[in-house]
Amino acid sequence: MGKGVVSSGSGENRDAYLQLSVTVLSAFCRVSEIASSKEMVSKVPMIFEVMSMKSGMPVLEECYEFLYLVSTASEDGLTALYESGGIKLLAHQMSALPDGSHLMELAMKLVQLMLKRLSQGIVENDHLSELSVIVTKIARQFALLQNALKFEALHLLSAIFSSEYSTLLHDALRVIQNENWSNHMRDGVATILQNRVAPAEKFEALILAECMESIKGEGWLIGQINLPNVQDPIPADRCLLLVLESSRVEVAVLLNELAYSKYEASKSSSSTAETIISKQQKVTIVFSLVEKIIKLISNIGETEGHLLDENTFIKAINGLNETIGVVLEYLQDAKEHGQKVGNDLLASVRLVGSYLAEAPVACEDKITELLGYMLSVEGEHESSPFYSVCFLLPMLCQKTMKIEGCKLLASSGGYKAVVDCLMKLIEQNRNGVENNGCIFLACDTIMNLLKMEQITFSEDESTFISLLKALALWTDADLKRFLNLFAEKTNDQSVVMMASSICTLIFDMTSENALLNHPSLSSSCLDSLSRLIARSLASWGQDMSDAAKADMDLLEIVTAGYSRWADRFPQIQKAVER
């Protein structure tokens with residue numbers, strides 16, 4: 001390396017001797033006892049220096065060989081590789097390595113080894129930036145190669161994107177301006193999914209697809225695909241259809257295996273719990289993919305000049321229908337086995353809710369049968385159903401616009417779950433957790449029910465008494481600051497008008513005396529409700545902003561309702577006239 005004292009003329013063949021010495025060291029390291037020795041481990045920083053000085057391929061290949069042999073022989077060797085700056089070195093050099101070469105293969109193996117160190121320590125921003133560069137280089141191998149190294153690239157990318165620092169890496173990859181790497185990822189995923197490969201490798205391709213959609217958006221699935229040795233153009237929607245079909249198959253297989261593990265397999269099997277957890281983790285990935293495709297199809301359907309033709313839309317909708325049908329069958333199986341608690345069940349309800357939000361009339365017979373059950377599903381850490389109701393609110397809000405939907409929600413008892421959900425949402429907002437979208441969806445759903453004269457709730461007074469108490473909090477003196485802040489973020493008086501409208505419709509079913517005689521409703525609560533109605537009616541006839549005019553339909557509900565029941569509520573009447 002030219003660091004020692006040498007006689008005149010001795011440096012003429014320095015490069016040749018340097019390469020020879022690295023070659024000899026590398027040869028010795030094929031004996032694992034030598035490779036793991038302190039002497040060899042101590043040479044790792046020096047080999048790094050050689051690599052940074054010399055770009056010639058012969059000496060580089062021997063250096064990579066030495067590093068690989070030493071780092072696989074012992075933990076000390078791997079530690080030396082990592083702590084000497086191995087990730088930084090590879091990020092700098094991999095772009096210059098020939099595609100598919102032995103050098104590239106060794107570099108990828110070194111990356112695989114150092115992933116263990118990354119998962120054990122704190123991932124620094126520099127590591128994320130360097131790792132993102134490495135990912136782009138491996139993506140190129142994944143797209144261009146058609147040999148065993150392509151699958152090594154697939155396994156390595158899957159390991160990186162399945163790691164605990166994957167989310168942080170996503171942020172680093174989003175700022176990379178060169179789009180070639182994301183195109184390479186799409187090319188590679190499409191190639192794997194359209195060929196006969198092992199199921200495990202297809203699933204790894206789906207992992208990559210899910211991560212790419214998270215990084216680049218759902219639109220990543222649509223784009224030109226360039227495959228080696230393929231001259232004819234490949235439709236831009238090919239990757240979308242391949243991912244959807246593969247996801248559909250995975251959903252069917254995984255849910256079938258999961259149901260067997262939960263309900264049929266021997267309970268004494270020590271591996272049952274681990275198997276269920278593993279299947280549930282895989283289900284989460286494919287559900288996420290399907291949900292993103294639902295969003296993509298919905299957004300494209302609202303956009304003119306999109307890249308998908310009618311035939312592709314039909315294929316996508318048919319694929320989604322089949323997938324949701326399988327998920328509903330899984331929920332039906334769980335219902336028959338008396339299972340209501342489980343994150344896999346909650347995830348199933350979420351996926352069904354996502355699809356029905358865009359296609360509320362899909363799978364009507366099955367939804368009619370399972371609606372009550374789906375509204376009762378709980379996550380593993382929930383004490384009562386909440387998230388399942390939130391996931392279904394967009395669909396329920398649309399369905400209850402028609403009498404058939406209202407009858408379904410009322411007959412299944414699902415309206416109680418919606419009321420409970422709204423009360424929890426109000427409580428969360430009081431504690432600073434905002435979920436305004438769900439609050440309005442729940443309010444709309446309840447109003448749709450109460451407005452239907454054909455639907456009666458005479459035998460369920462307690463549910464609506466509890467709701468009145470929750471709504472009363474919105475005008476309680478101690479919560480004025482909360483109400484003002486919330487109203488600022490939700491178009492002025494929309495909150496007040498929504499709460500007033502629901503109270504108005506509930507008052508149609510009762511009287512002041514009946515409420516005051518109810519053991520759980522106090523006179524102070526009725527005072528708060530009186531102020532709520534009075535505040536809403538005070539805006540009638542005043543100069544209203546455009547936002548207030550948007551709530552005219554709610555104001556009409558309040559005024560019309562007040563005229564119907566005012567004589568039965570003297571305390572409210574007094575507050576209004578004051």
With salt bridge (Lys or Arg N to Asp or Glu O under 4.0 Å) as the test, would you mind laying out the steps for E291 and R350 before giving the verdict? CA-CA 9 Å; E291 195 168 342; R350 171 174 170 152; 3.1 Å; yes
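- Panel note: side chain S163, backbone I160; a donor-acceptor pair is recorded below 3.5 Å.
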For K295 and E358, what are the C-alpha separation, side-chain angles and deciding distance, and is it a salt bridge (Lys or Arg N to Asp or Glu O under 4.0 Å)? CA-CA 9 Å; K295 183 179 178 181; E358 306 300 335; over 6 Å; no
Applying side-chain contact (heavy atoms from CB on, under 4.5 Å), run through F203 and L254 and close with a yes or a no. CA-CA 11 Å; F203 193 83; L254 287 170; 4.2 Å; yes
Working for side-chain contact (heavy atoms from CB on, under 4.5 Å), residues D171 and L128: CA-CA 9 Å; D171 295 333; L128 291 171; over 6 Å; no
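- Note on ring orientation: taking the six-membered ring where Trp is involved, the planes of W565 and F507 are perpendicular (angle over 60°, cut-offs 30° and 60°).
- Within a 6.0 Å sphere centred on CG of N311, heavy atoms belonging to other residues, nucleotides or ligands number more than 12.
- Taking every heavy atom of both residues into account, M401 and M452 meet most closely at O-CE, 3.7 Å.
- Judged by distance alone, the side chain of S376 and the main-chain N or O of Y373 form a donor-acceptor pair under 3.5 Å.
- In the model, K282 has no side-chain atom that pairs as donor or acceptor with a side-chain atom of S278 under 3.5 Å.
- Without hydrogens or angle criteria, R186 side chain to W220 main chain gives a donor-acceptor distance under 3.5 Å.
- Judged by distance alone, with hydrogens and angles left aside, the side-chain atoms of Q398 form a donor-acceptor pair with the main-chain N or O of P394 at under 3.5 Å.
- Formation of a donor-acceptor pair under 3.5 Å by the N448 side chain with backbone atoms of D444 is found in this model.
- Closest heavy-atom contact between S523 and Q571: O-NE2, 4.0 Å.
- Not a single donor-acceptor pair under 3.5 Å links the side chain of K399 to the backbone N or O of L408.
- In this structure, M423 and S466 approach most closely via the heavy-atom pair SD-O, 3.3 Å.
- In terms of heavy-atom proximity, L193 sits nearest to S246 at CD2-OG, 3.6 Å.
- Here the closest heavy-atom approach between residue F569 and residue T510 is recorded as CE1-O, 3.7 Å.
- Interatomic distance, T275 OG1 to Q280 CD, rounded to the nearest 0.5 Å: 11.0 Å.
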Would I439 and L422 satisfy side-chain contact (heavy atoms from CB on, under 4.5 Å), going step by step from the backbone distance to the final call? CA-CA 6 Å; I439 283 183; L422 177 56; 4.3 Å; yes
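- Across all non-hydrogen atoms, the minimal contact from V349 to S388 is CG1-O, 3.8 Å.
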Pair L328, I367 - check side-chain contact (heavy atoms from CB on, under 4.5 Å), show working. CA-CA 8 Å; L328 289 171; I367 296 302; 3.9 Å; yes
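- Side-chain atoms of S530 come within 3.5 Å of backbone atoms of L526 as a donor-acceptor pair (strictly under, hydrogens ignored).
- No donor-acceptor pair under 3.5 Å is formed between the side chain of E257 and the backbone N or O of K279.
- With respect to the salt-bridge test (charged N to carboxylate O, under 4.0 angstrom), the residues D333 and K262 do not qualify.
- Between the side chain of E382 and the backbone N or O of Y387, at least one donor-acceptor pair lies under 3.5 Å.
- Not a single donor-acceptor pair under 3.5 Å links the side chain of S500 to the backbone N or O of S536.
- For E245 and R248, the salt-bridge test passes: some basic side-chain N is under 4.0 Å from an acidic carboxylate O.
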